[in-house]
Amino acid sequence: MSEQEQKAPQNTNQIIAERRAKLATLRETGAAFPNDFRRNHLASDLHKKYGDQSNDTLEKDPISVEVAGRMILKRVMGKASFATIQDMSGHIQLYISNDITGESAHAAFKHFDLGDILGVHGTLFITKSGELTIRVKSLRLLTKSLRPLPEKFHGLTDQEQKYRQRYLDLISNEDTRKVFLTRSRIIQSIRAFFEERGYLEVETPMMHPIPGGAAARPFITHHNALNMDFYLRIAPELYLKRLVVSGMEKVFEINRSFRNEGISTRHNPEFTMLEFYEAYQDHIYLMNLTETLIRELAIKVLGTTEISYQGYKINLSNPFLRLSITQAIQKFHPEHTDAQLNDRAYLIKKLEALNISYKPEDGIGKLQLSLFDETTEHLLMDPTFIVDYPSDVSPLARRNDKNPGVTDRFELYITGREMANGFSELNDPEDQAARFQEQVRAKESGDKEAMHYDGDYIRALEHGLPPTAGEGIGIDRLIMLLTDSPSIRDVILFPHLRRED
RNA sequence: GGGUCGUUAGCUCAGCUGGUAGAGCAACGGACUCUUAAUCCGAAGGUCGGGAGUUCGAUCCUCCCACGACCCA
């Protein structure tokens with residue numbers, strides 16, 4: 001006993017010390033962490049099934065139930081008590097009294113703490129104020145909680161603690177639980193959407209010998225047995241297109257990708273993306289499919305296409321706008337004429353005035369894109385496809401037949417944020433090899449985000465990639481939109497933070 | 001990397017040109033058999049994020065550091 005006390009971590013905190021003492025007593029009297037209790041109902045199921053019944057009906061033919069959960073509220077009134085327990089489905093109230101539960105069991109209950117996990121057996125009734133409640137016949141402490149819960153009314157509000165101790169945030173904040181429930185439903189609905197359309201869900205490597213599929217800096221790791229470095233994937237794109245070569249003509253992957261870049265309200269080092277590829281389709285088809293997908297998700301998950309993001313109202317049933325880069329600039333900055341936006345000297349002058357860096361070798365399209373990124377992107381609140389991206393910033397996209405300086409590519413913007421990026425795939429192996437070479441040159445002259453030359457991918461293209469359309473959608477950002485969350489950290493269960501010390 | 005703001009009891013928050021800290025919840029003792037964030041009474045709980053400086057004296061002013069939030073690159 002004294003030995004056990006010495007081994008226990010020293011805790012000066014009074015509350016934890018008191019709870020440890022209660023646990024020590026439990027250990028002396030039997031199994032302190034039993035696992036022989038079985039529940040047969042969830043709280044919300046009971047409310048759905050019996051919540052509307054009259055007390056007379058419930059009392060006449062008593063319904064016996066076993067439920068379990070964490071005690072989150074407790075009201076002791078001498079010879080009788082009320083408590084609320086919470087399980088994965090919701091809450092239910094308990095009524096414990098000397099009459100029914102027995103004096104000693106009630107006395108024991110009085111020493112249970114908020115946060116303790118209880119197993120309860122009893123019958124249902126309706127209180128005078130109309131709440132479905134379990135009249136407890138017996139109850140057990142299944143797991144002793146040694147640490148106090150956050151304040152019961154306000155819950156946990158400290159942002160840092162919400163992220164670091166997400167379990168506490170989830171215990172005490174209904175809104176947080178709702179966000180992650182919605183997240184789960186969105187991902188299920190995406191899966192159903194593509195499965196209904198005959199797509200095959202696949203899993204491709206997360207460890208890449210050559211990082212590819214996006215312009216981004218990768219994380220590097222090492223495989224000991226092979227004695228080689230691997231890169232955590234920045235995108236699954238090149239593997240998915242290898243699969244289209246293989247004959248899997250419609251594939252999708254809900255993938256975790258990793259980018260070794262800054263952290264912000266829109267960026268987490270690891271994030272979830274949806275990528276999908278379909279042979280014998282083009283980027284126009286993708287835009288239509290994307291509109292349908294986002295609309296269907298909203299209806300399935302929220303029950304409406306009328307959403308509000310941080311106070312801005314968006315009706316997703318309106319057709320999504322489709323604008324070229326210069327049309328988008330002019331929409332918000334009509335002072336620029338067509339002639340000016342196609343004049344190198346004018347664009348450079350404007351970029352310099354805005355203190356935006358550019359390279360002397362940048363083509364007209366890239367200069368336009370730089371101006372767009374700085375002045376217009378963040379203003380695209382309503383869903384807008386930006387089309388006709390310059391070839392030199394789209395090394396994996398098919399060139400436009402009429403204008404080879406641009407590609408058959410689009411990005412989708414909603415609430416000023418990039419949500420999706422899709423294009424008709426570049427399936428000409430010789431053009432792809434030349435574009436990789438260009439990327440290698442850019443990398444050599446210091447562009448850390450430029451792509452590597454992927455010889456095996458070229459070899460795959462040489463076997464023949466059918467004409468294909470492919471797209472990536474940022475799932476975290478889509479979830480932010482549909483849950484009205486201001487930060488990507490609010491939709492990721494365990495966002496990355498600096499080490500606490 | 002730069003700027004702004006924040007860090008006080010387990011949690012939610014107060015704290016007045018600078019005089020070494022308060023409330024509510026939780027927890028502890030007591031009263032209470034239909035409560036709903038139960039109520040009432042009592043007692044307890046603090047290295048004011050860390051460090052240095054100014055001062056007779058610092059939660060408060062200055063500087064550095066840590067962590068976080070937001071904005072910018």
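Every chain is numbered from 1 and lettered A, B, ... according to where its sequence line falls, protein lines coming before strand lines.
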**Q** Less than 3.5 Å between a donor and an acceptor, one on the side chain of A:S81 and one on the base of B:U33, is that the case here?
**A** no
**Q** Determine the interatomic distance between P on B:G1 and the same-named atom on B:A38; round to the nearest Å.
**A** 46 Å
**Q** To the nearest Å, give me how far apart NE2 (A:H496) and P (B:G68) are.
**A** 13 Å
**Q** Heavy-atom nearest nucleotide on RNA chain B for A:Q159 versus A:D99: which residue maps closer to 5'?
**A** A:D99
**Q** If B:G24 has a Watson-Crick or G-U wobble mate with both distances under 3.5 Å, name it; if not, just say none.
**A** B:C11
**Q** Is A:R266 paired with A:D476 through a side-chain N to carboxylate O contact shorter than 4.0 Å?
**A** no
**Q** Below 4.0 angstrom from OP1 or OP2 of B:G10, is there any side-chain N or O of A:R147?
**A** no
**Q** Answer yes or no: side-chain N or O of A:Y95 and base N or O of B:U35 forming a donor-acceptor pair under 3.5 Å.
**A** no
**Q** Could you check how far CD1 of A:I72 sits from C1' of B:U35, rounded to whole Å?
**A** 15 Å
**Q** With sugar-phosphate meaning primed atoms plus P, OP1 and OP2, does A:Q165 contact a base, only sugar-phosphate, or nothing at under 4.0 Å between heavy atoms?
**A** nothing
**Q** Base, sugar-phosphate alone, or nothing: which one does A:L168 contact when heavy atoms must sit under 4.0 Å apart?
**A** nothing
**Q** Taking only residues two or more places apart in sequence, or in another chain, which ones meet A:F33 in a side chain to side chain contact (heavy atoms under 4.5 Å, CB included)?
**A** A:L23, A:R27, A:T143
**Q** Could you tell me whether A:T265 contacts a base, only the sugar-phosphate backbone, or nothing, with contacts defined as non-hydrogen atoms closer than 4.0 Å?
**A** sugar-phosphate
**Q** What's A:G262 touching, base or sugar-phosphate or nothing? Going by heavy atoms closer than 4.0 Å.
**A** nothing
**Q** Should A:R489 be listed as having a side-chain N or O under 4.0 Å from OP1 or OP2 of B:C70?
**A** yes
**Q** Taking the same atom, C1', in B:A9 and in B:G45, what whole-Å distance lies between them?
**A** 6 Å
**Q** I'd like to know if the side chain of A:Y163 pairs up with that of A:D490 as donor and acceptor (distance under 3.5 Å, no hydrogens or angles considered).
**A** yes
**Q** Assign A:S487 to base, sugar-phosphate, or nothing according to its heavy-atom contacts below 4.0 angstrom with the strands shown.
**A** sugar-phosphate
**Q** Does a donor on one side chain sit under 3.5 Å from an acceptor on the other, for A:D484 and A:Q310?
**A** yes
**Q** Between A:Y95 and A:F125, how do the two ring planes meet: parallel, tilted or perpendicular, split at 30° and 60°?
**A** perpendicular
**Q** Return the value, rounded to whole Å, for the distance between atom CZ of A:R266 and atom C1' of B:C71.
**A** 10 Å
**Q** Starting from P on B:C11, measure out to CG on A:D158 and report it in whole angstrom.
**A** 8 Å
**Q** Counting only side-chain nitrogens and oxygens, does A:R75 get under 4.0 Å of the OP1 or OP2 atom of B:U35?
**A** no
**Q** Mind calculating the distance between NZ (A:K162) and C1' (B:C11) to the nearest angstrom?
**A** 13 Å
**Q** Under a 3.5 Å cut-off for both contacts, is B:U39 paired Watson-Crick or G-U wobble with anything, and if yes, with which nucleotide?
**A** B:A31
**Q** Below 4.5 Å, heavy atoms only, C-beta onward: do A:T483 and A:K178 meet side chain to side chain?
**A** no
**Q** Report the base-pairing partner of B:G1 (Watson-Crick or G-U wobble, both distances below 3.5 angstrom), or none.
**A** B:C72
**Q** Under a 3.5 Å cut-off for both distances, is B:A52 Watson-Crick or wobble paired, and to whom?
**A** B:U62
**Q** Distance check: side-chain N/O of A:T157 vs OP1/OP2 of B:U12, anything under 4.0 Å?
**A** yes
**Q** Which of these nucleotides, B:U33, B:U12, B:C11, is closest to any side-chain atom of A:P150?
**A** B:C11
**Q** Do the ring planes of A:F112 and A:F109 sit parallel (below 30°), tilted (30 to 60°) or perpendicular (above 60°)?
**A** perpendicular
**Q** Counting side-chain heavy atoms from C-beta on, which of B:C25, B:U35, B:G68 comes nearest to A:R164?
**A** B:G68
**Q** When the P atoms of B:C16 and B:U7 are compared, how many Å lie between them, rounded to an integer?
**A** 12 Å
**Q** Output yes when A:D113 and A:K144 qualify as a salt bridge under the 4.0 Å nitrogen-oxygen rule, no when they do not.
**A** yes
**Q** What's the CD-P distance between A:E103 and B:C32, to the nearest Å?
**A** 12 Å
**Q** Tell me the interatomic distance from A:I16, atom CD1, to B:A44, atom P, rounded to whole angstroms.
**A** 22 Å
**Q** What pairs with A:D338 under side chain to side chain contact (heavy atoms under 4.5 Å, CB included), at least two apart in sequence or on another chain?
**A** A:Q330
**Q** Which nucleotides of nucleotides 26-31 of chain B have their base under 4.0 Å from a protein heavy atom (B), which only their sugar-phosphate (S), and which neither (-), written as one string 5' to 3'?
**A** BSSS--
**Q** Will you find, in the side chains of A:S54 and A:D56, an N or O donor that is under 3.5 Å from an N or O acceptor?
**A** no
**Q** Mind checking if A:Q161 touches a base, just sugar-phosphate, or nothing, with heavy atoms under 4.0 Å?
**A** sugar-phosphate
**Q** Look at the side chain of A:Q93 and the base of B:U35, then say whether one donor and one acceptor between them are separated by less than 3.5 Å.
**A** yes
**Q** By nearest atom, which of the nucleotides B:C34, B:U33, B:U12 is closest to the A:F125 side chain?
**A** B:C34
**Q** Which base, if any, makes a Watson-Crick or G-U wobble pair with B:G6, both distances under 3.5 Å?
**A** B:C67
**Q** Using atom P in both nucleotides, what's the gap between B:A21 and B:C34 to the nearest angstrom?
**A** 43 Å
